[in-house]
Amino acid sequence: MSETLLKVRGLKIGATIYPPDEKSRDIDIVHGIDFDLAPGKVLGLIGESGAGKSTIGLAAMAYGRGGVEITGGSVEVNDRDILQSGIRDVRHLRGAEVTYVSQSAAASFNPAKKILEQVTEAAILHGKFSRREAEERAVVLFGKLGLPDPENIGQRYPHQVSGGQLQRCMTALALCPEPDLVVFDEPTTALDVTTQIDVLAAIKEAIRDTGVSALYITHDLAVVAQVSDHIMVLRMGEMVEYGTVDQIINAPREDYTKALVSVRSVQHEEKQPTPHPVLRVEAVNARYKGTSFDVLKDINVELHLGQTLAVVGESGSGKSTLARVITGLLPPSAGKITFAGRELTPDLASRPLEDLRELQMIYQMADTAMNPRQTVGTIIGRPLEFYFGLKGAEKQKRIQELLDQIELGTGFQDRYPAELSGGQKQRVCIARALAAKPRLIICDEVTSALDPLVADGILKLLLSLQKSEDVAYLFITHDLATVRAISDSIAVMYQGAVVRYGPKSQVLSPPFDDYTDLLLSSVPEMRLGWLEEVIANRKMESAGN
Amino acid sequence: MHPILTLVAQRLALGVLLLFAASILIFAGTSILPGDVAQQILGQAATPEALENMRRELGLNEPPLTRYLSWLGGILQGDLGTALTNGLDIAESLGARLSNTLFLAFWAAVISVPLAIFLGLLAVRYKDRWPDKLISGVTLTTISIPEFMIGYVLVYWVSIQFGWFSSVAIINDSMTIWQKLNAIAIPVMVLTLVVLAHMMRMTRAAILNVMQSAYIETAELKGMPMLKIIRKHAFPNAIAPIVNVVMINLAYLVVGVVVVEVVFAYPGMGQYLVDHVAKRDIPVVQACGLIFAAVYIGLNLVADIVSILANPRLRHPK
């Protein structure tokens with residue numbers, strides 16, 4: 001075997017984009033990247049969305065997603081330039097020499113086929129193993145990746161296993177044909193923090209045991225630091241910095257890398273509770289129609305004017321259900337909710353306009369929360385008409401004020417959502433919520449889909465708006481760093497119940513209950529050896545496994 | 001009980017309920033039709049007394065509800081009544097006609113369904129290239145031309161110019177299967193051309209929709225050839241929409257062949273219905289209507305059940 005497994009020189013990648021109301025045009029996504037990867041090594045590719053990291057990863061398989069096309073340079077795998085190969089050779093490379101682990105295993109598994117069949121498919125297709133050998137190997141890999149009942153789990157369908165388990169199955173799928181290189185494309189990003197750490201440990205062990213090389217793509221520097229030998233920092237299709245993990249984490253040279261390493265500049269002093277809470281949730285239970293168990297069990301929380309209550313927990317813990325109950329989308333089966341001194345009716349339809357106005361929501365996916373055929377001005381103007389009956393110049397003036405508040409200029413009024421970046425879209429959603437002059441905004445994972453630096457900007461904006469408008473936030477998130485940054489009080493949820501609740505300083509100080517301890521210890525830390533340390537010290541298993 | 005059995009049982013019950021609703025609609029619809037059967041049978045010269053006698057004999061003076069219930073009761077016992085115009089038992093004459101119609105529909109389906117799905121798969125494989133455009137163009141053309149027109153064009157070319165198949169599609173029991181097939185060859189071609197486009201386009205659209213899924217990319221990154229991806233990974237997930245449109249077209253093959261049967265003088269249900277509508281023979285029209293409704297409901301029921309069975313989440317619950 002040669003000294004370099006993967007040799008990339010001057011890689012250029014372009015795409016055709018179709019902006020609304022304009023002619024389509026070609027743009028460059030990656031502008032000439034060089035790197036080498038030695039056998040058995042792991043290279044971390046890190047950067048924000050749009051940095052071109054996934055595109056580069058897929059180029060190692062001579063694949064361009066959507067309209068993406070490799071326009072120049074060379075990619076050599078095992079001393080063959082795969083960009084010059086015919087489709088037959090490329091097909092034999094994919095799934096045999098180079099394999100791929102995607103971000104969402106749930107979407108990447110065919111729902112109509114059994115897991116084992118999909119895991120062994122590539123190995124059999126390329127004649128690497130007989131069906132029998134491939135199946136035996138898959139079972140060994142299932143065991144190695146810590147899946148329960150490795151003998152039989154392959155007989156299940158993808159929807160019959162949990163998200164964390166499916167992501168391990170995807171890793172088994174990639175390792176089954178004994179490839180030389182695996183491209184991991186954000187393999188743990190979609191998982192809960194407590195599940196991520198197990199999957200991460202399993203992937204790391206599998207890489208070490210099989211001696212395979214890997215490209216590990218992620219936006220989370222703390223994660224990549226746990227599994228890589230080297231790290232390449234990318235920004236807008238260009239390499240910013242390349243070095244060993246140790247050097248990048250402990251002695252970054254470039255400013256951009258430094259910003260990535262020390263993200264979270266938001267600081268927030270905890271405020272004292274006031275005598276009259278704006279929202280009081282008392283002994284609330286809730287269940288979905290047609291089910292026989294409570295998804296919320298005896299929830300008691302309070303939120304004070306101008307303050308932030310962070311609701312934190314894994315997916316399925318009931319945090320979003322709590323938001324649905326407060327907004328009236330899901331009437332509670334027991335308990336009562338008091339808002340601004342008056343009791344809220346259980347269901348949305350019977351609430352007066354005033355209650356609707358004072359309680360607004362911001363969502364995780366700003367994309368789908370806006371009508372793509374309305375301009376920013378129309379989107380923000382709608383609540384102004386609906387709640388205050390504003391028209392004409394008055395409305396224009398108010399829209400302008402709101403745009404100033406979210407730090408976007410006049411020019412944005414006539415733009416469509418598709419013309420905005422992710423962070424700008426979320427800002428428009430904030431302005432729309434703010435237009436109603438609410439007392440309380442429920443923020444459901446509003447920064448989860450954003451890059452760290454952009455998310456940081458949104459949090460700063462939310463905090464400054466809280467100061468000027470005296471609005472309270474019910475902040476739903478799974479991200480503990482965010483919780484630390486902005487909350488005054490915290491409710492930790494686990495399987496539909498609040499397991500820990502109080503002021504931030506109290507909730508985040510020991511002694512911890514087992515679950516809060518698990519949650520806190522699972523947040524990746526940007527230092528070497530963190531992963532092994534945490535796994536060794538754990539007291540309980542995540543619910544996702 | 002397995003949840004899928006519950007679902008299927010629900011669908012079956014719903015189908016029976018729908019059939020009852022259809023029977024009410026058919027009965028009510030035919031009852032408000034203008035025209036008097038007694039008058040039709042006895043002719044313009046009939047005396048009022050004779051008309052009155054005739055009406056009483058036919059039970060036309062009874063209240064509608066009574067007539068409906070006795071009609072329904074008869075049907076539940078397999079008695080579709082007697083034709084007013086010729087006094088024959090409807091079930092008997094209809095049975096022969098229905099089996100002829102099903103014979104024609106069966107062969108049209110045997111050819112058109114696999115062909116449509118194959119063409120759909122081919123169109124996906126060569127999406128936006130000439131095979132795709134050719135398939136779309138030809139099938140769209142044939143669906144746009146009226147059936148009788150295609151019928152006459154095929155008779156002219158295939159039967160008269162080339163002399164391959166018979167131009168008249170009259171069949172009877174004394175014919176061998178080959179003679180029968182020879183007789184219905186051209187009607188089968190016409191029907192195939194008419195239903196092909198709809199099914200092929202739905203197959204294409206359903207599979208293209210699935211082709212956007214991330215698991216198709218997974219298959220591509222396994223190095224699998226495109227046709228194999230379409231067959232192994234895309235098609236199983238597109239079955240539900242395809243089956244739905246196939247069933248609607250099968251129903252059309254049974255119910256909608258009136259024009260084709262008339263063009264080729266084929267002794268099927270359609271012609272039987274048309275003849276008796278012209279003669280205001282209400283019991284026959286009602287019986288045909290009910291059979292057509294049953295075919296529609298039955299085939300759509302099958303589509304529903306196949307869709308349920310094709311869903312792995314329902315087949316293998318957590």
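Order of the sequence lines fixes the chain letters, A, B, ..., with proteins taken first and strands second; residue numbering starts at 1 for each chain. The figures that follow rest on heavy atoms only: side chains count, while hydrogens, waters and symmetry mates do not.
For chain B, no part of A:His92 is nearby; none of its heavy atoms comes within less than 4.5 Å. For A:Leu93, no part lies near chain B; criterion is any non-hydrogen pair under 4.5 Å. Heavy atoms of B:Lys232 lying under 4.5 Å from chain A belong to its backbone as well as its side chain. Heavy atoms closer than 4.5 Å to chain B are found in the side chain of A:Leu173, but not in its backbone. Heavy-atom distances place no part of B:Gln212 under 4.5 Å from chain A, backbone and side chain included. Proximity to chain B (any heavy atom under 4.5 Å) is restricted, for A:Glu117, to the side chain, taken from C-beta onward.
Ranking B:Arg315, B:Glu220, B:Lys228 against chain A, the residue ahead of the rest is B:Glu220, based on heavy-atom pairs under 4.5 Å. Residue with the most contacts toward chain B among A:Ala105, A:Ala112, A:Pro111: A:Pro111 (heavy-atom pairs, distance under 4.5 Å). Your options are B:Ala234, B:Pro225, B:Gly223, and the one with the most heavy-atom pairs under 4.5 Å with chain A is B:Gly223. For the options A:Lys113, A:Glu121, A:His126, heavy-atom pairs under 4.5 Å to chain B are most numerous at A:Glu121.
Looking only at distances, a side-chain donor or acceptor of B:Asn249 sits under 3.5 Å from a matching main-chain atom of B:Val245. In this structure, the side chain of A:Gln167 engages the main chain of A:Pro187 through a donor-acceptor pair within 3.5 Å. Here the side chain of B:Asn311 pairs no donor or acceptor atom with the backbone of B:Ser307 at under 3.5 angstrom.
Taking the six-membered ring where tryptophan is involved, the planes of B:His316 and A:Tyr157 are essentially parallel, since the angle between them stays under 30° and well short of 60°.
For B:Pro312 against A:His159, the heavy-atom pair with the smallest separation is O-CE1, 3.2 Å.
For the pair A:Leu181/A:Glu97, no side-chain contact is recorded, criterion being any heavy-atom separation below 4.5 Å from C-beta on.
Ion pairing between a basic and an acidic side chain is recognised when a charged N comes within 4.0 Å of a carboxylate O; A:Arg137 and A:Glu178 show such pairing.
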